[in-house]
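Values reported hereafter were calculated over all heavy atoms of this structure, with side chains retained and with hydrogens, waters and symmetry mates removed. Chain letters run A, B, ... following the sequence lines, proteins first and then strands; every chain starts at 1.
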Number of protein chains: 2
Amino acid sequence: MRRTKAEAEETRNSILHAAERVFYEKGVSNATLDDVAKAAGVTRGAIYWHFSNKTDLFLELYNSVSLPLEDMIARDIEQPASGVLAFIEKLTVDWLDELASDEHRQRIFTILLRCSYGGDLMPVLERQQEVDDRHVASLESAFARAGNEGYLNANWTPHSATRALWWMVGGLCTEWLLFGRRFDLAAEGRDGLKRLFASFRPATIDITASADVHSMA
Amino acid sequence: MRRTKAEAEETRNSILHAAERVFYEKGVSNATLDDVAKAAGVTRGAIYWHFSNKTDLFLELYNSVSLPLEDMIARDIEQPASGVLAFIEKLTVDWLDELASDEHRQRIFTILLRCSYGGDLMPVLERQQEVDDRHVASLESAFARAGNEGYLNANWTPHSATRALWWMVGGLCTEWLLFGRRFDLAAEGRDGLKRLFASFRPATIDITASADVHSMA
DNA sequence: ATTTTAACATACATGTTTGTTTGTATAGCT
DNA sequence: AGCTATACAAACAAACATGTATGTTAAAAT
């Protein structure tokens with residue numbers, strides 16, 4: 001039954017896709033390799049040929065998701081300080097849009113959120129943690145540049161703004177993914193970010209608007 | 001070997017506590033009932049006497065965590081509208097303080113976050129979801145009262161402020177619990193909430209402060 | 001054309017976890 | 001005092017998942 005190299009690569013991919021679906025539906029630790037094999041239309045032998053074990057399969061699945069956010073953040077250096085906040089906001093909105101439209105990434109993230117990282121899955125957690133740390137550091141340096149040039153509201157610091165943004169986006173995505181995507185991620189995210197970033201910017205002195213607020217009562 | 005009723009209740013509690021520790025360390029699905037039994041100093045027979053199976057044990061563990069947040073939120077009705085925002089802020093800060101100091105609750109929440117809810121654990125997820133929904137609804141009605149009386153910044157709506165607060169606190173706790181409590185939850189939370197709630201309040205027209213921001217550059 | 005080897009399927013051996021059953025000593029009731 | 005239900009421990013049986021070893025076929029290599 002030896003297949004051509006192209007066919008072999010095809011079955012490998014079908015195994016990865018099947019693992020994504022099965023892990024997403026049953027959870028990583030509840031899913032058996034036989035479930036994955038049946039979903040892929042092969043036997044466990046094929047899985048053990050392409051991957052050394054279940055942990056390895058999961059790691060390969062995790063590696064298959066690309067992380068293009070890194071260089072997007074790094075690109076803020078080219079931005080003038082006056083546009084940094086708008087740039088970060090657009091970047092975040094774009095990232096949410098992409099997540100909202102990419103079911104593949106949704107499933108991967110959901111799997112990562114729900115899996116328990118006990119024992120041999122620790123390296124995944126550590127890698128995710130270090131990626132997150134780099135993202136946070138990039139964001140904070142960007143906010144610091146905006147702050148140094150007076151484009152950050154006195155109410156916020158680079159550190160606090162970074163954390164507020166990070167936690168809000170994290171909480172938003174977590175709730176959306178874990179609780180059945182019960183709202184429009186892109187729309188709600190865009191709206192929330194718009195208001196949060198409005199509070200990041202120095203106040204424009206607008207007496208009429210402020211008066212309007214109180215007249216609403 | 002029949003024990004007195006008090007002793008039996010004692011072993012039941014020791015099983016629950018052992019389950020909490022073992023589930024926390026190894027994850028729910030990776031932990032075996034024998035692990036729990038050994039940690040409790042009993043045999044599996046004792047567990048099967050007090051609980052029908054592993055799922056039931058987990059559900060009882062989930063039920064053992066009290067949820068005193070409910071009536072705390074309901075109490076906002078007694079507050080004058082001018083103090084609603086300060087009340088919600090204090091309530092949230094208190095809740096964070098309690099989580100930061102209660103290792104029992106930390107472990108329960110961590111277990112809930114990391115567990116995979118596949119198949120027979122669905123009722124837990126659904127119950128958690130409905131509790132969350134009630135909390136969000138309570139918060140939103142409180143914000144609406146503040147908004148109706150002009151105590152909410154025009155930049156925010158009751159809906160958006162509720163979500164921003166909810167997502168930020170959720171993201172904060174999730175990162176703290178899942179990533180090894182690498183920062184001071186109470187302090188960071190208090191600081192972030194202070195700034196977020198500052199942006200919730202109508203702007204005080206303060207030209208000198210606004211000028212100060214730009215003079216920092 | 002043969003040989004080799006890649007790409008699996010099949011079968012098996014093993015350890016693990018679960019659920020149940022049986023045994024047993026004693027607390028509590030009569 | 002004797003009976004019985006309780007609160008477990010210990011042993012057992014079955015299912016299940018994993019890993020490995022072996023078989024089989026066809027694609028490459030020679």
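Counting heavy atoms from C-beta on, the side chains of B:Thr11 and B:His50 come closer than 4.5 Å. A heavy-atom distance below 4.5 Å is not found between the side chains of B:Val22 and B:Lys38.
Put simply, A:Thr11 has no side-chain N or O that comes within less than 4.0 Å of OP1 or OP2 on C:dA7. Residue A:His50 has no polar side-chain atom (N or O) positioned under 4.0 Å from OP1 or OP2 of C:dA7.
Relative ring orientation between A:Trp166 and A:His135 is described as perpendicular, the plane-to-plane angle rising above 60° on a 0-90° scale split at 30° and 60°. The aromatic rings of A:Phe197 and A:Phe143 sit parallel, their planes meeting at an angle under 30°, below the 60° perpendicular limit.
Atom CH2 of B:Trp49 and atom C1' of C:dG19 are 16 Å apart (whole Å). For the pair B:Phe51 CZ and C:dT18 P, the interatomic distance rounds to 15 Å; values are reported in whole Å. Taking atom NZ of residue B:Lys26 and atom P of nucleotide C:dT16, one finds them 11 Å apart after rounding to whole Å. To the nearest angstrom, C1' of C:dA6 lies 14 Å from CD of A:Glu9. Here the C1' atom of nucleotide C:dC8 and the CD atom of A:Glu7 are 11 Å apart, to the nearest Å.
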Below 3.5 Å is the cut-off: list the nitrogen or oxygen pairs between protein and nucleotides 28-30 of chain D, distance only.
from: D:dA28; atom 1: OP1; to: A:Thr4; atom 2: OG1; distance (Å): 3.0

Given B:Glu10 and B:Arg3, is the side-chain contact (heavy atoms from CB on, under 4.5 Å) satisfied, shown in steps? CA-CA 10 Å; B:Glu10 204 174 310; B:Arg3 313 289 167 80; over 6 Å; no

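In this structure, A:Glu103 places its CD atom where only 12 or fewer heavy-atom neighbours from other residues, nucleotides or ligands lie under 6.0 Å away. Other residues, nucleotides and ligands contribute over 12 non-hydrogen atoms within 6.0 Å of the CD atom of A:Glu7.
In this structure, A:Arg114 is positioned above the aromatic face of A:Tyr24, its NZ or CZ under 6.0 Å from the six-membered ring centre and within 45° of the axis.
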Protein heavy-atom contacts under 4.0 Å, written 5' to 3' over nucleotides 11-23 of chain D as B (base), S (sugar-phosphate only) or - (none), form the string ------SBBB---

